[in-house]
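Excluded from the calculations below are hydrogen atoms, water molecules and symmetry mates; all remaining heavy atoms, backbone and side chain alike, are included. Residue numbers count from 1 along this sequence. Keep in mind the model is a prediction, meaning the values are calculated, not measured.
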Amino acid sequence: MSHVPVNALFTPLGIAVLTVSDTRGFDEDGSGDLLVKHLNESGHTLVERRIVPDDIYQVRAVVSGWIARTDIHAILVNGGTGFTARDTTPEALIPLFDKAIEGYGELFRHYSLKTIGTATIQSRAVAGVANRTMIFAMPGSPKACALAWDRIIALQLDARTRPCNFAAMVLPSATLCNGRHTTTSANDGVRL
């Protein structure tokens with residue numbers, strides 16, 4: 001089980017929030033508001049927030065621009081993860097990943113099974129790392145965003161979480177699991 005040592009230091013990350021929706025503007029974006037509130041309360045910094053339509057190329061363009069930036073360590077994407085014709089967030093993101101984080105979707109569906117039953121199989125929550133930037137995509141409902149943040153993402157973006165966390169992947173001075181120091185692979189440019 002993950003835990004946070006009492007004497008460990010917190011390291012804030014720069015985070016971007018993207019809402020994928022054909023119908024929501026900032027006034028109706030409760031999920032984006034929730035993610036911003038939670039990341040700020042956790043001590044991280046909101047670097048940028050955008051809303052784009054359910055369009056594979058617009059989603060990919062925004063996320064591609066963000067993963068090229070050095071001030072954005074993580075990207076939280078909500079919406080577009082279902083099975084309608086317009087739900088293309090996973091198709092937009094997966095080609096950008098250097099490495100997929102299969103366990104994120106598995107764990108998200110495991111936790112949501114307790115609240116929504118077998119409807120959880122309709123969630124295509126995905127995550128990955130691209131250019132040392134963590135990307136987490138989740139359904140667009142506020143409850144789904146809260147579940148993803150509270151149960152999975154908050155701990156993995158906290159450099160104090162032991163035995164492992166993903167903050168070590170994006171912070172140049174962080175240590176990896178079990179105290180190993182970070183190194184960069186010459187083959188893929190991804191921190192190991």
Side-chain angles (χ1 to χ4, degrees), residues 13-24 29-36 38-39 44 46-112 120-157 165-171 188-192:
L13 300 179
I15 301 177
V17 174
L18 178 64
T19 297
V20 179
S21 175
D22 288 332
T23 59
R24 285 186 270 167
D29 186 20
S31 296
D33 290 342
L34 181 140
L35 290 169
V36 169
H38 283 286
L39 74 88
H44 297 297
L46 176 67
V47 177
E48 190 169 341
R49 179 179 175 189
R50 302 257 319 257
I51 298 175
V52 297
D54 285 291
D55 177 84
I56 191 170
Y57 300 104
Q58 289 187 52
V59 171
R60 195 176 289 164
V62 170
V63 174
S64 292
W66 284 348
I67 63 176
R69 293 174 55 172
T70 58
D71 60 334
I72 295 177
H73 303 110
I75 300 169
L76 307 178
V77 182
N78 74 89
T81 62
F83 280 92
T84 72
R86 295 290 293 166
D87 290 326
T88 59
T89 297
E91 289 77 16
L93 298 178
I94 290 171
L96 301 176
F97 296 163
D98 297 325
K99 295 184 189 272
I101 306 168
E102 287 89 357
Y104 167 76
E106 295 165 0
L107 194 55
F108 179 85
R109 286 181 286 279
H110 169 77
Y111 288 140
S112 66
T120 192
I121 66 171
Q122 295 188 32
S123 165
R124 297 186 306 141
V126 297
V129 59
N131 193 29
R132 290 182 31 212
T133 304
M134 306 312 303
I135 303 165
F136 297 94
M138 64 210 79
S141 78
K143 286 184 181 180
C145 292
L147 183 144
W149 178 266
D150 294 338
R151 302 292 302 269
I152 306 168
I153 300 169
L155 289 167
Q156 285 301 299
L157 295 184
N165 63 75
F166 279 120
M169 299 271 307
V170 299
L171 296 171
D188 61 15
V190 176
R191 283 214 167 166
L192 303 173

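When atom types are taken as modelled, the side chain of Thr81 and the backbone of Ser123 share no donor-acceptor pair closer than 3.5 angstrom. Checking side-chain atoms of Thr89 against main-chain N and O of Gly79 turns up a donor-acceptor pair under 3.5 Å.
A salt bridge links Asp33 with Arg49: the distance from a Lys NZ or Arg NE/NH1/NH2 to an Asp or Glu carboxylate oxygen falls below 4.0 Å. With respect to Arg86 and Asp22, a salt bridge is recorded, a charged nitrogen being found less than 4.0 Å from a carboxylate O.
Interatomic distance, CG of Leu93 versus CZ of Arg60, reported as 8.5 Å (0.5 Å rounding). Atom CG of Asp29 is separated from atom CD1 of Ile51 by 4.0 Å, given to the nearest 0.5 angstrom. Separation of atoms CG (Leu157) and CH2 (Trp149) is listed at 5.5 Å; rounding is to 0.5 Å. Distance CD1/Ile75 to CD1/Ile15: 10.5 Å, rounded to 0.5 Å. Rounding to the nearest 0.5 angstrom, the gap separating the NE2 atom in His73 from the NE2 atom in His44 is 11.0 Å. Here the straight-line distance linking atom CZ of Phe108 with atom CZ of Phe136 works out to 13.0 Å at 0.5 Å rounding.
Annotation for Asp87 and Arg124: closest pair O-NH2, 2.9 Å, computed over non-hydrogen atoms. For Leu34 against Pro142, the heavy-atom pair with the smallest separation is CD1-O, 3.8 Å. Across Arg132 and Val170, no two heavy atoms sit closer than the pair O-CG1, 2.7 Å. Of all heavy-atom pairs spanning Gly80 and Pro90, the tightest one is O-CD, 3.4 Å. Shown here for Thr88 and Asp55, the closest heavy-atom pair between the two residues is OG1-C, 4.1 Å. Between Cys145 and Asn78, the shortest heavy-atom distance links the atoms SG-CB, 3.6 Å.
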Practice task
Report the C-alpha distance between Ser31 and Thr19 in whole Å, list the side-chain angles of each, state the deciding distance to 0.1 Å, and finish with yes or no for side chain to side chain contact (heavy atoms under 4.5 Å, CB included).
Solution key: CA-CA 8 Å; Ser31 296; Thr19 297; 5.5 Å; no
Exercise for the section: Give the C-alpha distance, both sets of side-chain angles, the deciding distance and a yes or no for side chain to side chain contact (heavy atoms under 4.5 Å, CB included) between Ile153 and Tyr104. Expected result: CA-CA 9 Å; Ile153 300 169; Tyr104 167 76; 4.0 Å; yes
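Taking 4.5 Å as the limit, every side-chain heavy atom of Met134 sits out of range of all side-chain heavy atoms of Leu13. Residues Asp54 and Thr84 have side chains not in contact (no heavy-atom distance under 4.5 Å, counting atoms from C-beta outward).
Taking a 6.0 Å sphere around OH of Tyr57, one finds it holds 12 or fewer heavy atoms contributed by other residues, nucleotides or ligands. In the displayed structure, Ile121 atom CD1 is contacted under 6.0 Å by at most 12 heavy atoms of other residues, nucleotides or ligands.
The side chain to side chain contact (heavy atoms under 4.5 Å, CB included) search around Ala100 returns Phe97, Glu102, not counting sequence neighbours.
Among the candidates Leu35, Leu147, Val77, the single residue satisfying the side-chain contact (heavy atoms from CB on, under 4.5 Å) test with Met138 is Leu35.
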